[in-house]
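Remarks on the structure that follows.
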Amino acid sequence: MRPAHLLLLILRGALVVNLLAFAAYTGISVWAALKWRAAATPIDPVWTPGITILKPVCGVDPDAYENFASFCRLDYPAEKLQLLFGAHDPADPALELARRMQAEFPGVRIDVVCTENEVRGANRKVANLAAMLPHAEHDLLVLCDSDMRVGPGYARSVVAPFQPEAKRGERPVGLVTCPYRGWGARSLPARLEALGIGADFIPSALTGRALEGMGFALGSTIALPREVLAALGGFEAMRDELADDFLLGSGARRAGYEVILSDYVVEDALGSERFRAMWSRRLRWARTVRSCRPSGYAGSVVTHGMVLGLLLLLASRGANWGWAAMEAAVAVRWCGALAVARITGDTNVRRYLWLLPVSDLLSFMLFAASYCGDKIVWRGESFRLLKGGRLQRIEPRRASA
């Protein structure tokens, strides 16, 4: 047997094995979604501990007014709720929106903090949070990215797992985080990102929860008591780390606390996003996951079923069995994505299902690109991602005299 023919057989065999793993993964992701939904925590209408929602901002995101206003319409006792906005730049337009909220929602306590002189560390978001923390009135802290929007029941759902009756095991609940879905996608890149969230990221997060337990958190929402944050070293311990949300979740678990993935799904406002911005952000996410979980991330190659099916079709040289494998991969992918989206309530997958092959190809390209460098761009600044997820700012080159 010629070496080229032997290599082709090995390639075909490897692709078949990976496709079988993809089919198994898809089935597991549906089971994981059902398991997550079944673990929903009942809401006690009497349980309303004081909470401070911290909103670190930098510039104006799509639909920013409605995103912010949604947190002013929570079904929660006003005297037990503080909404805290913070930015490094005193002229940041997001702070102007926050001050507008103060005037339009006088019944809600809204505080605005400028952290201009307190920027230390490469992660400006963490530096912002560290400077905001002394202004937080309540001991239960809720960190939430600026581009998220919620419904009236959000606060009660997030605090529910902390009630004593909700204890699920031997370990006390130390952190609650929320899944999310895309909202308001008004451009092709935004729709592709919405599909990436609903058909790729959330199924993988639910699968990780089911198989390994929650050892991570998502920036959509991170709720934790102040004492838990202190036990993890506070925000100061993460000033130079990219994956602060991941570190809070993994740190809480290592410290002996239980991390809960809430059944409340937050909405991520995507707007009329352009391709370059979408690619840059998703590449940053991909390189973040790769740096935090290198082995698991490498193994996630089996989740790219459509691309694997296409490669097997090419390796089969268009044989009938290659076409059959490709069609089976597409069917498994579509059925699995629709099943998980129905459980999570993400209508984007059904609405943009015709774009799923394009989305899957884009996801595979991001997976490959994540291994082709260590540079990321975050809020207009360039960084080098060091081993373990540490950030090193890349200073712009000065023009020679």
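Note that these values count all heavy atoms, side chains included, but never hydrogens, waters or copies made by symmetry.
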Do Tyr154 and Tyr76 have ring centroids that are under 6.0 Å from one another? no
Salt bridge (Lys or Arg N to Asp or Glu O under 4.0 Å) pairs, two or more places apart, involving residues 298-311: none
Can you list every salt bridge (Lys or Arg N to Asp or Glu O under 4.0 Å) pair that touches residues 323-339, not counting sequence neighbours? Asp200-Arg333, Arg333-Asp360
Check: [X] side chain, [Y] main-chain N or O, donor-acceptor pair, under 3.5 Å:
X: Ser157; Y: Gly153; value: yes
X: Arg37; Y: Ile343; value: yes
X: Ser204; Y: Phe201; value: yes

Please tabulate, for side-chain N and O atoms in residues 260-272, each donor-acceptor pair with protein atoms closer than 3.5 Å (sequence neighbours left out).
unit_1, atom_1, unit_2, atom_2, d
Ser262, OG, Tyr264, N, 3.0
Tyr264, OH, Gly151, N, 2.7

Should Glu66 and Arg73 be marked as a salt bridge (Lys or Arg N to Asp or Glu O under 4.0 Å) after you check the CA-CA gap, both sets of side-chain angles, and the distance that decides it? CA-CA 10 Å; Glu66 281 302 322; Arg73 303 186 181 112; 3.3 Å; yes
Side chains of [X] and [Y] in contact at under 4.5 Å (non-hydrogen atoms):
X: Leu229; Y: Leu248; result: yes
X: Leu218; Y: Asp245; result: no
X: Asn128; Y: Arg124; result: no

Do Arg156 and Asp44 pass the salt bridge (Lys or Arg N to Asp or Glu O under 4.0 Å) test, and can you show the C-alpha distance, the side-chain angles, and the key distance before you say yes or no? CA-CA 8 Å; Arg156 292 182 183 271; Asp44 182 354; over 6 Å; no
Side-chain donor-acceptor contacts of residues 364-374 below 3.5 Å, not counting sequence neighbours, with atom names and distances?
unit_1, atom_1, unit_2, atom_2, d
Ser370, OG, Tyr297, OH, 2.9
Ser370, OG, Phe367, O, 2.6

Using the ring pair (Phe, Tyr, Trp, His ring centres under 6.0 Å) criterion, which residues pair with Phe275? Sequence neighbours excluded. none
Could you list the residues that satisfy ring pair (Phe, Tyr, Trp, His ring centres under 6.0 Å) with Phe22, not counting sequence neighbours? none
Atom pair [atom1] ([X]) and [atom2] ([Y]), whose distance is rounded to the nearest 0.5 Å:
X: Asn348; Y: Ile197; atom1: CG; atom2: CD1; result: 8.0 Å
X: Leu141; Y: Met132; atom1: CG; atom2: CE; result: 10.0 Å
X: Ser316; Y: Met326; atom1: OG; atom2: CE; result: 11.0 Å
X: Met148; Y: Ser70; atom1: CE; atom2: OG; result: 11.0 Å
X: Tyr257; Y: Leu232; atom1: OH; atom2: CG; result: 7.5 Å
X: Glu104; Y: Ile110; atom1: CD; atom2: CD1; result: 9.5 Å

Go through the steps for Arg293 and Glu212 under the test salt bridge (Lys or Arg N to Asp or Glu O under 4.0 Å), then give the verdict. CA-CA 13 Å; Arg293 304 185 64 187; Glu212 302 175 351; 2.4 Å; yes
Nearest heavy-atom approach of Val126 to Asn123 is N-OD1, 3.0 Å
Taking all non-hydrogen atoms of both residues into account, name the closest pair between Cys178 and Val158 and its distance. SG-CG2, 3.9 Å
In terms of side-chain geometry, is the basic nitrogen of Arg100 or Glu96 positioned less than 4.0 Å from the acidic oxygen of its partner? no
Lys/Arg-Asp/Glu bridge criterion (N-O < 4.0 Å) met for Arg186, Asp63: yes
Establish, from distance only, whether the side-chain atoms of Arg181 and Thr347 form a donor-acceptor pair under 3.5 Å. no
Under 3.5 Å, is there a donor-acceptor pair linking the side chains of Thr48 and Lys80? yes
Please lay out, stage by stage, how His135 and Asp111 fare under the test side chain to side chain contact (heavy atoms under 4.5 Å, CB included). CA-CA 8 Å; His135 302 273; Asp111 293 322; over 6 Å; no
Using the side chain to side chain contact (heavy atoms under 4.5 Å, CB included) rule, take Lys375 and Ser382 through it: C-alpha gap first, then chi angles, then the decisive distance, then the call. CA-CA 7 Å; Lys375 181 181 175 181; Ser382 296; 3.7 Å; yes
Show, in sequence, the C-alpha distance, side-chain angles and deciding distance for Asp92 and His88, and conclude whether the side chain to side chain contact (heavy atoms under 4.5 Å, CB included) test is met. CA-CA 8 Å; Asp92 195 303; His88 296 308; over 6 Å; no
Less than 6.0 angstrom from the centroid, inside 45 degrees of the normal: does Arg149 satisfy that with respect to the ring of Trp183? yes
